There are 2 protein chains.
Amino acid sequence: MASKKISMAVIKRLPRYHRFLDYLLELGIKRVSSKELSTRMGITASQIRQDLNCFGGFGQQGYGYNVESLFSEIGNILGINKTFYAIIIGAGNMGRALANYGNFDKRGFNIIGVFDVNPEVIGKKINNMEVMSLNNLDEFILQNKVDIAVLCIPYKETASIADRVAKLGVKGLWNFSPMDLKIPYDVVVENVHLSDSLMVLGYKMNDRFER
Amino acid sequence: MASKKISMAVIKRLPRYHRFLDYLLELGIKRVSSKELSTRMGITASQIRQDLNCFGGFGQQGYGYNVESLFSEIGNILGINKTFYAIIIGAGNMGRALANYGNFDKRGFNIIGVFDVNPEVIGKKINNMEVMSLNNLDEFILQNKVDIAVLCIPYKETASIADRVAKLGVKGLWNFSPMDLKIPYDVVVENVHLSDSLMVLGYKMNDRFER
DNA sequence: TAGATTGTTAATCGATTAACAATC
DNA sequence: TAGATTGTTAATCGATTAACAATC
């Protein structure tokens, strides 16, 4: 598995398929054709078939795709059945929101710790987890299996913390800071640049409505 | 302005340029060449010049780009100098985090109201704003200039609320629900699908480390 | 002026779409 | 079997990269 290189464009569509299939499942729909997915999702049928065939022939000629099995196949590709252990670094607005958000568990992402520097926050409970001091970060990572660090820290701290956890063996960074991370270690980074997204929205609005 | 169609690929890189130029400004750097930007940002010099020339010749042959003026030009393109008025719908984890996050103001996004359905939340203050009842949403939008609605509501409510505010004249939706919005009105949508992003991170990790 | 670097055109690369033979 | 729809190859489209003349 994961042998031939698959483009990010394809990967990024997978969660959308997954979500839509989940919805079809809820509606009790058993089978679906690429053509039907196409009209409902606004993606060409051709692209859907191309995307799915990157990973194997999930369909059946003359029939289409079985919703349930396609859903679980895509889930497998995305690794939903595997468990990742994550810590949140930074218990500010975003860190707290993510710590409280329960739905990541469902997708196999377990939050096992929250860290901050602020003495007023350390020791307080967020979603039944006591916020730990950043001083104990290294120790914690060495003593627990930590796959992912969720970075919810200010711009200036991001690079050094990223570096620090990468050195300790954390393999994935989910980065909410506006910093573009460049890390010399073997770490996977996924950025969520909220303000970039907001600026793109602003652009689109100006462009469309010629304010 | 905004005459020839510019691809989304280009637009999405603009906030990154903007951020990096801001950083150079802080360092007190006055001029920069596409080549230097290239090595520092990990984008080809060719692409940088192509991107910038979509909007006009901001550079000078033999010299490069003036950091300050390029920064402000990109800011203008992104509409940072214009003010948008936004409301947050849904005062759950994400809604609260966004309401408390002060940095959007800096980019011209003013949050002027927060709404929720939960009686326990209505009336409470978030970042000096009293949470209003969703019952008063229509009235509020009609009586105030609301450019953007930030949707932080559960999956099931999203479509109907999006429809409702669009009908009332809201022109932009910043959507944090996993719902893929299809709206029959003239509205611009920017989605932030956090769990999609997390799933992509999971995929990358499985792929890279062959768990 | 000579050197540097842009703006812009042309070439390449990759992603999307179309077409159709394979097959359920 | 006939109809439907996939899997897959080929054609098209768009985005990225390379090249270079224009010019500061």
Side-chain angles (χ1 to χ4, degrees), chain A residues 1 3-17 20-21 24 29-74 77 180 200 203 207, chain B residues 1 3-17 20-21 24 29-74 77 180 200 203 207:
Chain A
M1 242 219 199
S3 46
K4 51 189 142 166
K5 187 92 168 273
I6 287 155
S7 86
M8 259 303 136
V10 175
I11 304 301
K12 285 192 177 152
R13 280 190 293 269
L14 293 180
R16 255 187 91 193
Y17 293 133
F20 193 78
L21 290 164
L24 292 181
I29 291 167
K30 298 269 184 260
R31 64 166 280 273
V32 71
S33 68
S34 59
K35 198 181 160 202
E36 205 181 332
L37 281 173
S38 169
T39 43
R40 297 251 234 156
M41 293 187 69
I43 298 180
T44 65
S46 222
Q47 182 160 75
I48 293 168
R49 292 203 300 279
Q50 285 276 26
D51 284 354
L52 298 178
N53 270 79
C54 292
F55 304 96
F58 299 140
Q60 202 171 47
Q61 278 104 328
Y63 172 84
Y65 300 87
N66 177 288
V67 175
E68 195 173 347
S69 79
L70 185 57
F71 175 75
S72 85
E73 290 284 6
I74 294 177
I77 294 162
D180 287 310
V200 170
Y203 175 88
D207 188 55
Chain B
M1 241 220 200
S3 47
K4 50 189 145 172
K5 186 93 169 275
I6 287 154
S7 86
M8 260 301 138
V10 175
I11 304 301
K12 286 193 177 151
R13 279 190 293 269
L14 294 180
R16 254 186 93 194
Y17 293 132
F20 193 77
L21 291 164
L24 291 182
I29 291 167
K30 298 268 184 264
R31 65 167 279 274
V32 70
S33 69
S34 59
K35 198 181 160 201
E36 205 180 333
L37 281 173
S38 169
T39 42
R40 297 250 235 158
M41 296 187 67
I43 298 180
T44 66
S46 221
Q47 182 161 75
I48 292 168
R49 292 203 298 278
Q50 285 277 25
D51 284 353
L52 298 178
N53 271 79
C54 292
F55 303 97
F58 300 140
Q60 202 170 46
Q61 279 103 328
Y63 173 83
Y65 300 88
N66 177 289
V67 176
E68 195 173 347
S69 80
L70 185 56
F71 175 75
S72 86
E73 289 284 6
I74 293 177
I77 295 163
D180 288 310
V200 169
Y203 176 87
D207 188 55

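These numbers were taken from a predicted model, which means no experiment stands behind them. Order of the sequence lines fixes the chain letters, A, B, ..., with proteins taken first and strands second; residue numbering starts at 1 for each chain.
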Distance check: side-chain N/O of B/Arg31 vs OP1/OP2 of C/dT6, anything under 4.0 Å? no

Any side-chain N or O of A/Ser34 less than 4.0 Å from the OP1 or OP2 oxygen of D/dT6? yes

A/Tyr65 side-chain proximity, nearest of D/dT16, C/dG7, D/dG7: D/dG7

Can a donor-acceptor pair under 3.5 Å be found between the side-chain atoms of B/Gln50 and the base atoms of D/dT17? yes

Need one value for A/Ser7: base, sugar-phosphate or nothing, where a base atom within 4.0 Å counts as base even if backbone is also close, heavy atoms only. sugar-phosphate

DNA chain C nearest-nucleotide lookup for A/Asp51 and A/Gln61: closer to the 5′ end is A/Asp51

For A/Ile43 and for A/Gly62, find the nucleotide of DNA chain C with the closest heavy atom, then tell me which residue's nucleotide is more 5'. A/Ile43

Could you let me know what C/dT17 is paired to, Watson-Crick or G-U wobble, both distances under 3.5 Å, or none if it's on its own? D/dA10

In whole angstrom, what separates A/Ile48's CD1 from C/dA18's P? 13 Å

Quickly work out the B/Tyr63 OH to C/dT5 P distance and round it to whole Å. 11 Å

Looking only at side-chain atoms of B/Arg49, point me to the closest of D/dG7, D/dT16, C/dT6. C/dT6

Would the distance check show the side chain of B/Arg40 and the main-chain N or O of B/Phe20 forming a donor-acceptor pair, the cut-off being under 3.5 Å? no

Between A/Leu21 and A/Tyr65, is the side chain to side chain contact (heavy atoms under 4.5 Å, CB included) condition met? List the steps. CA-CA 10 Å; A/Leu21 290 164; A/Tyr65 300 87; over 6 Å; no

The side chain of B/Gln47 lies closest to which of these nucleotides: D/dT17, C/dC24, D/dC24? D/dT17

When you get a sec, tell me which of C/dT6, D/dT8, D/dT17 is the closest nucleotide to the side chain of A/Asn53? D/dT8

What's the spacing between A/Phe55 CZ and A/Ile11 CD1 if we round to 0.5 Å? 4.0 Å

Watson-Crick/G-U partner (both atom distances under 3.5 Å) of C/dT23: D/dA4

Which part of the nucleic acid, if any, lies within contact of B/Ser46, taking any heavy atom under 4.0 Å across all strands shown: a base, the sugar-phosphate backbone alone, or nothing? base

Side-chain touch B/Gln47/B/Arg13, heavy atoms, less than 4.5 angstrom: yes

